[in-house]
Asker: 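Take this structure, written in structure tokens, and hold onto it; I'll ask about it next.
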Amino acid sequence: MSSTRRLFGTDGIRGTANRAPMDAATALRLGQAAGRFFNRGSHRHRVVIGKDTRLSGYMLEPALTAGFIGAGMDVVLVGPLPTPAIALLTRSLRADLGVMISASHNPYEDNGIKLFGPDGLKLSDAQESAIEALMDGDLTTVLAAPARLGRASRLEDAPGRYIEAAKASFPKRLSLEGLRIVVDCAHGAAYKVAPTVLWELGAEVVPLGVAPDGTNINKGCGSTAPAQLAETVRERRADLGIALDGDADRLVLVDELGHLVDGDQILALIARSWVAQDRLAGGAVVATVMSNMGLARFLKAQGTALLRTAVGDRYVAERMRETGCNLGGEQSGHVLMTDFATTGDGLIAALQVLAVLVEEGRPASEVCRCFDPLPQRLVNVRYVGTSPLDDASVQAAIAAEEAALGEQGRVLIRPSGTEPVIRVMAEAEDEAVVSGTVERLADAIRARAKAA
């Protein structure tokens, strides 16, 4: 069986709504194929389906439901909930499969489908390839007999289950009483549960992005557009601002001065806290190749290593399992804490930061900036045809720049997984050196792409 994945990318299937592969026909076949793949044994099989607030969720949810029912699976519908809630419910309900319908931080015109196994973990490349192979075959041979069709039901207390799980991650001896917190839910999946969790833990909550209409998810708000959050934090003299993305599996923070706190700083803060409490497992933190060198230096000073992976939180999760680490994440704001969840959880990560704020009694501007990041610059170079990275002249240019930087910096060149683009990144102590390195490499790649 081929391991090549045509539909699945680094985070499930994603595309423009009502266009292949994000159309009802593909969703139906995916339900049939995934239902067949996870239909093992004689027990009644069950799948949990959640979604964010996109208009197209009303199209994809029933199509997936029909596919799973036709494959003999019972379907549990939970409505709009964060991605980590679906992973949690998949395990707690002893389901065979979990499905999240979301395109994360993308605009409403896009949508996506993420799959979780019975362990609450995202599927491996091999599992996704096997499901694709089933979708490419004759699915009429895998459909259930009339007497074995599944049933659909709705789990009314699903939000409450996640709310209690999130609250349980916050130290019982602490309270958020006296803190004013602005939380931007991006008009997305956490628009009800996130403000509720913060309020029930004692905070004064100023909610933003909590009026979804199907088309405003991530629009000028959330983790990819935190300007409104920063302004509101300053205006309301809040202690902290929390910005989630559309499916609430990642976040960025804003301190009381309105300054942005990215995923690298959040990882550093949680690592520092957990090292002091002897809670950090595996002797390391796992992050991707995009994380700043300043994070690696900070962790080294804490007696902790930084292990790097390819871009994508699923690869971070896989490395964490391999090494026994319980903390990892991405600069973009995915934070994985296996003590509490099987996938990135923006709200629970924010609660870990809030616990440090409460315990130390210092403002977020002091607590949340653990290190000074090295200057870092990223340029995207578009090309047509074959990748210019295979050319000898481009390889020589990369090698020359790496040698020039030595141990004082680094170069990262990688192709996009979704479009014909080469991402050129460099970081070093000196900003001018970084800019020069990136421009020379981008020019070399452009020249080869033009010649080709």
Asker: Distance-only, no hydrogens or angles: does the T141 side chain make a donor-acceptor pair with backbone N or O of D138 under 3.5 Å?
Answerer: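 Such a contact is found between T141 side chain and D138 backbone.
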Asker: Between T342 and T338 (side chain of the first, backbone of the second, donor and acceptor by atom type, cut-off under 3.5 Å), is there such a pair?
Answerer: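 Looks like no, no N/O pair under 3.5 Å.
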Asker: Is there a donor-acceptor pair under 3.5 Å between the side chain of T16 and the backbone N or O of R19?
Answerer: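 Flag not set: sc T16 to bb R19 has no pair under 3.5 Å.
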Asker: Give the minimum heavy-atom separation between V78 and G50, together with the two atoms involved.
Answerer: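 The pair with the smallest heavy-atom distance is CG2-CA, 3.6 Å.
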Asker: Is there a side chain to side chain contact (heavy atoms under 4.5 Å, CB included) between T26 and M135 once you walk through the steps?
Answerer: CA-CA 9 Å; T26 306; M135 292 177 68; 3.9 Å; yes
Asker: Of L269, I270, I266, L327, which meets side-chain contact (heavy atoms from CB on, under 4.5 Å) against Q352?
Answerer: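 By the side-chain contact (heavy atoms from CB on, under 4.5 Å) criterion, Q352 pairs with just one of L269, I270, I266, L327: I270.
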Asker: If you apply the rule salt bridge (charged side-chain N to carboxylate O under 4.0 Å, His left out), what do you find for R410 with E401, and how did you get there?
Answerer: CA-CA 9 Å; R410 66 188 181 108; E401 296 296 342; over 6 Å; no
Asker: Apply salt bridge (charged side-chain N to carboxylate O under 4.0 Å, His left out) to residues R369 and D255 and explain how you reach the verdict.
Answerer: CA-CA 9 Å; R369 189 172 180 87; D255 66 24; over 6 Å; no
Asker: Would E427 and R377 pass as an ion pair if we require N to O under 4.0 Å?
Answerer: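 Judged by the 4.0 Å cut-off on N to carboxylate O distance, E427 and R377 do not form a salt bridge.
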Asker: Heavy-atom count check: over 12 atoms from other residues, nucleotides or ligands less than 6.0 Å from E431 CD?
Answerer: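 Count not over threshold, so no.
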Asker: Return the SG to CG distance between C185 and N218, rounded to the nearest 0.5 Å.
Answerer: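 That separation rounds to 11.5 Å.
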Asker: Can you name the residues that form a side-chain hydrogen bond (donor to acceptor under 3.5 Å, both in side chains) with R308, not counting sequence neighbours?
Answerer: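 With sequence neighbours excluded, R308 shows a side-chain hydrogen bond (donor to acceptor under 3.5 Å, both in side chains) to no residue whatsoever.
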Asker: If only atom types and distance count, is the side chain of D264 paired as donor or acceptor with the main-chain N or O of N292 below 3.5 Å?
Answerer: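 Such a contact is found between D264 side chain and N292 backbone.
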Asker: With the threshold set at 4.0 Å, does a side-chain nitrogen-carboxylate oxygen contact exist between R46 and D96?
Answerer: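 No, no charged N to carboxylate O under 4.0 Å.
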Asker: Please give me the minimum heavy-atom distance between V182 and A238, naming the atom from each residue.
Answerer: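 Closest approach of V182 to A238, heavy atoms only: CG2-CB, 3.7 Å.
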Asker: Quick one, L88 and Y162 - any side-chain contact, counting heavy atoms below 4.5 Å?
Answerer: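 The answer is yes; the side chains approach within 4.5 Å.
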Asker: Please lay out, stage by stage, how W274 and V285 fare under the test side chain to side chain contact (heavy atoms under 4.5 Å, CB included).
Answerer: CA-CA 11 Å; W274 285 11; V285 173; over 6 Å; no
Asker: Among all residues two or more places apart in sequence or in another chain, which pass the salt bridge (Lys or Arg N to Asp or Glu O under 4.0 Å) test with E402?
Answerer: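 None.
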Asker: Specify the closest pair of heavy atoms between A230 and G258, including all atoms of both residues, with the distance to one decimal.
Answerer: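 Taking A230 first and G258 second, the nearest heavy atoms are CB-O, 3.6 Å.
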Asker: Using atom types as modelled and distance alone, determine if a side-chain donor or acceptor of T53 lies under 3.5 Å from a backbone N or O of H187.
Answerer: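 Between the backbone of H187 and the side chain of T53 there is a qualifying donor-acceptor contact (under 3.5 Å).
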Asker: Does a salt bridge link R446 with D443, judged by any charged N lying under 4.0 Å from a carboxylate O?
Answerer: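 Yes, charged N to carboxylate O under 4.0 Å.
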Asker: What I want to find out is whether R250 reaches D247 closely enough, with some N-O distance under 4.0 Å, to be called a salt bridge.
Answerer: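 Salt bridge: no.
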Asker: Between D136 and R6 (salt bridge meaning N to carboxylate O under 4.0 Å), is one present in this structure?
Answerer: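 Looking at R6 together with D136, the answer is yes, because their closest N to O distance falls below 4.0 Å.
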Asker: Taking the six-membered ring of F38 as reference, does the NZ or CZ atom of R40 fall below 6.0 Å from its centre and within a 45° cone about the axis?
Answerer: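 The answer is yes; both the distance and angle limits are met.
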Asker: Counting only N and O atoms by type, is there a donor-acceptor contact under 3.5 Å from the side chain of Q265 to the main-chain atoms of C370?
Answerer: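 Side chain of Q265 to backbone of C370: a pair is present.
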Asker: Would you check if L81 and P159 make a side-chain contact, meaning some heavy-atom pair closer than 4.5 Å?
Answerer: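 Yes - at least one pair of side-chain heavy atoms lies under 4.5 Å apart.
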Asker: Of the non-hydrogen atoms in N106 and R54, which two are nearest, and what is the gap between them?
Answerer: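 For N106 and R54, the tightest heavy-atom pair comes out as O-NH1, 3.0 Å.
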Asker: Could you grab the distance from atom OG1 of T83 to atom NE2 of H334, nearest 0.5 Å is fine?
Answerer: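 Between T83 OG1 and H334 NE2, I get 8.0 Å after rounding to 0.5 Å.
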Asker: Does L240 reach the side chain of V254, with side-chain heavy atoms less than 4.5 Å apart?
Answerer: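 No, side chains not in contact.
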Asker: Check whether any side-chain heavy atom of L405 sits under 4.5 Å from a side-chain heavy atom of V433, and report yes or no.
Answerer: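 A side-chain contact under 4.5 Å exists here.
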Asker: Under 3.5 Å, is there a donor-acceptor pair between the side chain of E256 and the main chain of V233?
Answerer: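 Flag not set: sc E256 to bb V233 has no pair under 3.5 Å.
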Asker: Under a 4.5 Å cut-off applied to non-hydrogen side-chain atoms, are R36 and Q32 in contact?
Answerer: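 No, every pair of side-chain atoms sits at 4.5 Å or beyond.
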Asker: If you measure from CG on L374 to CG on L295, what distance do you get to the nearest 0.5 Å?
Answerer: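 So the gap between those two atoms works out to 11.0 Å.
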Asker: Return the orientation label for the F371 and F298 ring planes: parallel under 30°, perpendicular over 60°, tilted otherwise.
Answerer: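 The arrangement is tilted - the two ring planes meet at 30° to 60°.
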Asker: With rounding to the nearest 0.5 Å, note down the distance linking OG in S416 to CG in N380.
Answerer: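 Rounded to the nearest 0.5 Å, the OG-CG separation comes out at 8.0 Å.
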Asker: Using distance alone, with no hydrogens and no angle criterion, decide if D245 and S223 have a side-chain donor and acceptor under 3.5 Å apart.
Answerer: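 D245 vs S223: no donor-acceptor pair found between side chains.
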Asker: Looking at E109 and K219, is there a salt bridge between them, counting it only when a charged N and a carboxylate O are closer than 4.0 Å?
Answerer: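 E109 and K219: not salt-bridged.
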Asker: Taking atom SG of C221 and atom CG of L208, what is their separation to the nearest 0.5 Å?
Answerer: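 Here the rounded value is 8.5 Å.
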Asker: Nearest 0.5 Å please: distance from the CG atom of L115 over to the CD1 atom of I13.
Answerer: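 The distance works out to 6.5 Å.
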Asker: For the residue pair L253 and H259, establish whether any side-chain heavy-atom pair is separated by less than 4.5 Å.
Answerer: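 When only atoms from C-beta onward are counted, H259 and L253 do not touch, as no gap falls below 4.5 Å.
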Asker: Cationic tip of K114 within the cone over F8's six-membered ring, i.e. under 6.0 Å and within 45° of the normal?
Answerer: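 Pair K114/F8 does not count as cation-pi.
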Asker: Would the distance check show the side chain of T232 and the main-chain N or O of Q228 forming a donor-acceptor pair, the cut-off being under 3.5 Å?
Answerer: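 It does hold such a pair.
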Asker: Would you confirm whether D345, through its side chain, and I348, through its main-chain N or O, come within 3.5 Å as a donor-acceptor pair?
Answerer: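 It does hold such a pair.
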Asker: I would like to know whether I413 and I422 meet side chain to side chain contact (heavy atoms under 4.5 Å, CB included); could you show each step before the answer?
Answerer: CA-CA 7 Å; I413 314 291; I422 304 297; 3.7 Å; yes
Asker: Answer yes or no: is there a donor N or O on one side and an acceptor on the other, between the side chain of D52 and the main chain of S104, under 3.5 Å?
Answerer: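 No: the side chain of D52 does not pair with the backbone of S104.
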Asker: What are the two closest non-hydrogen atoms of D74 and G150, and how far apart are they?
Answerer: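 Taking every non-hydrogen atom into account, OD1-CA, 3.4 Å.
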Asker: I want to check something: taking the side chain as every heavy atom from C-beta on, are T437 and V411 in contact at a cut-off of under 4.5 Å?
Answerer: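 Counting from C-beta outward, T437 and V411 do come under 4.5 Å.
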Asker: Compute whether any side-chain donor of one residue and acceptor of the other, for H45 and N39, lie under 3.5 angstrom apart.
Answerer: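 Note: H45 and N39 side chains meet the donor-acceptor criterion.
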Asker: Going through the distances and angles, do L257 and R234 end up as a side chain to side chain contact (heavy atoms under 4.5 Å, CB included)?
Answerer: CA-CA 6 Å; L257 302 178; R234 289 191 294 264; over 6 Å; no
Asker: Picking from N111, D110, D23, what satisfies side-chain hydrogen bond (donor to acceptor under 3.5 Å, both in side chains) with S56?
Answerer: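 Filter result, single survivor: N111.
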Asker: Does a donor on one side chain sit under 3.5 Å from an acceptor on the other, for D390 and S387?
Answerer: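 No, S387 and D390 have no side-chain donor paired with an acceptor closer than 3.5 Å.
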Asker: Indicate yes or no: at least one non-hydrogen side-chain atom of V252 is less than 4.5 angstrom from one of L244.
Answerer: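 Counting from C-beta outward, V252 and L244 never come under 4.5 Å.
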Asker: Can you name the closest pair of heavy atoms from A194 and L347 and give their distance?
Answerer: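 So the two residues come closest at CA-CD2, 3.9 Å.
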Asker: Between K122 and D11, is there a side-chain N and carboxylate O pair less than 4.0 Å apart?
Answerer: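 The answer is yes: the pair qualifies as a salt bridge.
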